[in-house]
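I have placed the structure first, in the form of C-alpha cells, so that the comments after it can refer back to it.
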Amino acid sequence: MGSTAAEIKKHVQLYMMVFGALLVLTGVTVGVAYLDVGILAGIVIALFVASIKGTLVACYFMHLLTERGMLYWILALCGLFFVVLLLLPVITTHDNPMAGFVDPISGK
C-alpha cells in the first residue's frame with residue numbers, strides 16, 4: 001500500500017470497485033437461481049460466477065496480484081483441483097441430475 005495520501009486514495013478506490021463488482025456478481029448469482037435454466041446449467045453458471053468472485057478476492061483483497069510466479073502456479077493448481085472436486089458430483093450424475101436427492105414429501 002502506498003504511503004502518500006494520493007496512493008492510499010487510489011487503493012481505496014480500487015477496493016471499492018472490487019467490492020462493487022462482488023456485490024453485482026452476488027446479485028447475478030441470486031438472479032440465476034430465479035432463471036429457468038435447469039439445475040445443471042444453474043449450478044455451472046453459479047460456479048462460474050463464484051470462481052470470478054473468488055479470483056477477485058484472492059487477487060485484490062489477499063494481494064496475490066503483487067506476489068510472484070511460484071505462488072501463481074500453486075494457486076492455479078489449487079483452483080484446478082477445487083473446480084474438479086466441485087464438478088465431480090455433477091459429472092457423476094450427468095444422466096440424472098436429481099440422482100441422490102430425496103423428495104421430503106413423497107420420500108422417493
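Values below: all heavy atoms of this structure, side chains included; hydrogens, waters and symmetry mates excluded. Source: prediction; values computed, not measured.
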Can you give each donor-acceptor pair under 3.5 Å made by side-chain atoms of residues 24-36, sequence neighbours left out, with the distance rounded to 0.1 Å?
unit_1, atom_1, unit_2, atom_2, d
Thr26, OG1, Leu22, O, 2.8
Thr26, OG1, Lys53, NZ, 3.3
Thr29, OG1, Leu25, O, 3.0

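- If you chain together hydrophobic residues whose side chains sit under 4.5 Å apart, Leu23 and Leu14 never meet in one group.
- The two residues Leu56 and Ala21 have their closest heavy-atom pair at CD1-CB, 4.0 Å.
- No side-chain donor-acceptor contact under 3.5 Å links Gln13 to the backbone of Lys9.
- Not counting sequence neighbours, Ser51 has no partner by the side chain to side chain donor-acceptor pair (under 3.5 Å) test.
- Taking a 4.5 Å side-chain heavy-atom cut-off between Ile, Leu, Val, Met, Phe, Trp and Tyr, the cluster of Leu88 contains only that residue.
- Residue pairs meeting the ring pair (Phe, Tyr, Trp, His ring centres under 6.0 Å) criterion with at least one partner in residues 55-78, sequence neighbours excluded, are Tyr15-Phe61.
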Ignoring hydrogens and angles, write down the donor-acceptor pairs under 3.5 Å from the side chains of residues 39-49, residues two or more places apart or on other chains.
none

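- Distance CG/Leu75 to CG/Leu80: 11.5 Å, rounded to 0.5 Å.
- Grouped with Phe81 in one hydrophobic cluster are Leu77, the linkage being side-chain heavy-atom contacts under 4.5 Å among Ile, Leu, Val, Met, Phe, Trp and Tyr residues.
- Under the side chain to side chain contact (heavy atoms under 4.5 Å, CB included) criterion, Cys78 pairs with Ile74, sequence neighbours left out.
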